> 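Sending over a structure as structure tokens; questions will come in a sec.
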Amino acid sequence: MLVISESMAEEGIAEVLDFFARDHEVRTDYFVVVAKNTKASSVLNVLTTIEKIPANHMFASLDVSQRIWAPTRGVKLNELISNLTSEGKQAVLSGVLVKGNVKNAGDMSSISRTNLSTLLNFKGLGVFQNDKLIGWFNEDESKGYNYITGNVKSTLIVIPCEKKEKKHDIIGVEMLRTNVKVTATMKNHKPHIHVDLKGEANVADVECQVNLQDPAVINMLERKTAADVKEKMNDAVEKAQKTYKSDIFGFGEAFYRQDVKRWYKMKREWNRIYAEDLTVDLDAKVQIRRLGTLNNSYMKQMKH
């Protein structure tokens with residue numbers, strides 16, 4: 001793990017990365033993260049229960065998190081340098097928080113309890129402009145970014161029940177795989193991006209009375225799941241394009257692949273074009289493949 005403090009990331013990380021990439025004694029297959037609201041040393045000082053070395057714990061946690069949840073993104077050094085130097089793409093890095101009592105983070109007695117006083121928590125993606133951190137995505141926006149860039153391998157989507165008997169009655173839909181196609185075209189002499197996402201999902205949790213054998217119910221769940229995905233993608237695009245003005249999705253890279261000559265005409269002014277002229281069209285379709293090991297919930301049987 002390479003942990004960079006938030007203050008250093010805001011100043012610029014080019015020189016730091018140059019050192020780690022150039023040194024022949026240092027491997028490049030490790031994750032790079034930003035310590036949110038704290039020093040990097042505070043993050044590395046947190047003792048963990050299973051792993052003796054905190055960096056091993058962080059590496060494993062981030063690796064699992066990006067595979068089964070999706071609001072985080074494990075970026076290794078070589079990929080980070082590639083994003084910082086590529087045509088038409090900015091970088092992102094996951095943030096790591098120290099939750100709880102920072103002073104007791106390095107105390108051996110703190111890990112002898114089941115209820116730990118200090119925890120490490122990966123939260124949100126840091127958005128970069130060139131080599132400088134300029135802001136953060138929240139969890140939903142981070143998920144939206146990962147949907148657009150095709151990095152979602154598995155995650156859970158919560159659909160509120162139509163007829164609620166309790167406040168938290170929900171249906172959980174587990175996204176199993178996604179396939180994303182990004183197309184770059186010109187519309188009315190202006191650059192246009194179309195993002196087409198197709199996903200496959202399972203029903204993971206049912207906490208209300210619905211008939212899952214009814215095709216209309218499955219169609220409703222597919223529509224609502226797709227709407228949730230599209231909303232998160234839209235939130236990510238809005239924040240990146242209007243607030244941060246940073247092309248973290250690689251839309252410029254899509255134009256570079258599509259038409260090199262056209263890209264070089266736009267390249268010099270791409271930051272302005274991306275923020276002011278680029279239009280983005282998002283489309284999401286989800287197909288529910290399986291219902292789990294039950295057709296309908298036990299709750300439906302208990303009510304009769």
Side-chain angles (χ1 to χ4, degrees), residues 1-6 8-10 13 17 28-38 40 42-44 46 48 50-51 53-84 89-100 116 118-128 133-158 172-178 180 197 199 201 204 228-229 231-237 239-240 244 246 248-250:
M1 296 290 297
L2 172 59
V3 184
I4 301 172
S5 69
E6 188 170 4
M8 178 174 282
E10 288 170 347
I13 60 175
L17 299 183
T28 59
D29 60 342
Y30 49 81
F31 289 139
V32 184
V33 295
V34 176
K36 291 184 71 173
N37 305 322
T38 188
S42 299
V43 171
L44 294 171
V46 177
T48 53
I50 298 175
E51 293 285 356
I53 302 173
N56 288 347
H57 170 79
M58 282 192 288
F59 186 95
S61 297
L62 182 53
D63 187 43
V64 171
S65 176
Q66 71 168 346
R67 283 191 284 110
I68 68 172
W69 186 230
T72 54
R73 177 81 172 91
V75 179
K76 294 183 178 179
L77 179 65
N78 46 8
E79 181 186 350
L80 175 58
I81 292 173
S82 174
N83 288 341
L84 290 173
K89 188 174 186 181
Q90 301 290 346
V92 298
L93 287 177
S94 284
V96 58
L97 277 168
V98 178
K99 295 184 67 177
L116 300 179
T118 313
L119 294 169
L120 291 173
N121 184 21
F122 288 105
K123 191 166 186 178
L125 292 174
V127 177
F128 281 73
L133 176 70
I134 57 173
W136 292 94
F137 272 178
N138 63 28
E139 184 173 292
D140 285 347
E141 292 160 352
S142 299
K143 268 193 177 185
Y145 164 83
N146 280 323
Y147 279 129
I148 292 171
T149 54
N151 294 319
V152 175
K153 299 176 178 67
S154 174
T155 191
L156 188 72
I157 295 168
V158 175
V173 178
E174 181 186 12
M175 189 74 76
L176 296 176
R177 60 188 64 87
T178 59
V180 182
L197 180 144
D228 184 273
V229 171
E231 182 181 6
K232 288 179 171 61
M233 291 196 297
N234 186 67
D235 289 346
V237 171
K239 191 76 164 284
Y244 296 137
S246 177
I248 56 175
F249 309 103

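Just so you know, these numbers come straight off a predicted model, no measurement behind them.
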> Looking only at heavy atoms, what is the nearest atom pair of P71 and L125, with distance?
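Here P71 and L125 meet closest at O-CG, 3.9 Å.
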
> For V98, which of V43, N37, N121 qualifies under side-chain contact (heavy atoms from CB on, under 4.5 Å)?
V43

> Does M1, at its CE atom, have more than 12 non-hydrogen atoms belonging to other residues, nucleotides or ligands within less than 6.0 Å?
yes

> Roughly how far, to the nearest 0.5 Å, is the CD atom of E174 from the CG atom of L156?
7.0 Å

> What's the spacing between N78 CG and L17 CG if we round to 0.5 Å?
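N78 atom CG to L17 atom CG measures 11.0 Å (nearest 0.5 Å).
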
> Do the side chains of V32 and V75 get nearer than 4.5 Å, heavy atoms only?
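They are not in side-chain contact.
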
> Can you tell me if K123 has over 12 outside heavy atoms packed within less than 6.0 Å of its NZ?
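No.
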
> Does E6 have any side chain to side chain donor-acceptor pair (under 3.5 Å) partners at least two apart in sequence or in another chain, and if so, which?
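Partners of E6 by the side chain to side chain donor-acceptor pair (under 3.5 Å) criterion, ordered by chain and then number, come out as W136.
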
> K239: which residues meet the salt bridge (Lys or Arg N to Asp or Glu O under 4.0 Å) condition with it, sequence neighbours left out?
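So K239 forms a salt bridge (Lys or Arg N to Asp or Glu O under 4.0 Å) with E141.
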
> Is Q90 reaching over with its side chain to a backbone N or O of S246, donor-acceptor style, under 3.5 angstrom?
no

> If every non-hydrogen atom of I148 is compared with every non-hydrogen atom of V180, which pair is closest and at what distance?
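Heavy-atom minimum between the residues: O-CG1, 3.4 Å.
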
> Just do the side-chain contact (heavy atoms from CB on, under 4.5 Å) check on F249 and V237 with the steps written out, would you?
CA-CA 8 Å; F249 309 103; V237 171; 4.2 Å; yes

> Is any side-chain heavy atom of V34 closer than 4.5 Å to one of L133?
yes

> Any luck finding a side-chain donor-acceptor pair between T72 and S94 under 3.5 Å?
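No donor-acceptor contact under 3.5 Å links the two side chains.
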
> Determine whether Y145 and V92 make a side-chain contact, defined as any pair of heavy atoms from C-beta on separated by less than 4.5 Å.
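Y145 reaches V92 side chain to side chain.
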
> Partners of S142 by side chain to side chain donor-acceptor pair (under 3.5 Å), sequence neighbours excluded?
none

> Would you find a donor on one side and an acceptor on the other, under 3.5 Å apart, between the side chain of S42 and the backbone of T38?
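Flag not set: sc S42 to bb T38 has no pair under 3.5 Å.
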
> Does a side-chain heavy-atom distance below 4.5 Å link M175 with I157?
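Yes. Closest side-chain heavy atoms under 4.5 Å.
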
> So do the side chains of F137 and D235 get within less than 4.5 Å of each other, counting heavy atoms only?
no

> For a side-chain contact (heavy atoms from CB on, under 4.5 Å) check, start with the C-alpha distance between Q66 and N151, then their side-chain angles and the critical distance, and finish with the verdict.
CA-CA 8 Å; Q66 71 168 346; N151 294 319; over 6 Å; no

> Would you indicate whether the side-chain heavy atoms of L197 and Y147 approach each other to under 4.5 Å?
yes

> Suppose we screen for salt bridge (Lys or Arg N to Asp or Glu O under 4.0 Å). Which residues come up paired with D228, at least two apart in sequence or across chains?
K232

> State which residues pass side chain to side chain donor-acceptor pair (under 3.5 Å) with T178; sequence neighbours excluded, sorted by chain then number.
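For T178, no residue satisfies side chain to side chain donor-acceptor pair (under 3.5 Å) once neighbours in sequence are set aside.
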
> Considering only heavy atoms from C-beta outward, does the side chain of L2 approach that of V33 to under 4.5 Å?
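Not touching, per the 4.5 Å side-chain cut-off.
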
> Under 3.5 Å, is there a donor-acceptor pair between the side chain of N146 and the main chain of V152?
no

> Taking all atoms of both residues into account, what is the closest heavy-atom pair of A91 and L84, and its distance?
CB-CD2, 3.8 Å

> Do L80 and I13 come within less than 4.5 Å of each other through their side chains, counting heavy atoms only?
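Counting from C-beta outward, L80 and I13 do come under 4.5 Å.
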
> What pair of heavy atoms forms the shortest contact from V3 to A35, and how long is it?
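So the minimum-distance heavy-atom pair works out to CG1-CB, 4.0 Å.
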
> Evaluate side-chain contact (heavy atoms from CB on, under 4.5 Å) for L77 paired with Y30, printing each intermediate quantity in order.
CA-CA 6 Å; L77 179 65; Y30 49 81; 3.2 Å; yes

> I need the minimum non-hydrogen distance between F122 and S61, along with the two atoms involved.
CE1-CB, 3.9 Å

> Which pair of non-hydrogen atoms, one from A236 and one from G144, has the smallest distance, and what is that distance?
CB-C, 3.9 Å

> What pairs meet the salt bridge (charged side-chain N to carboxylate O under 4.0 Å, His left out) rule with one or both residues in residues 58-82, with sequence neighbours excluded?
D63-R67, R73-E79

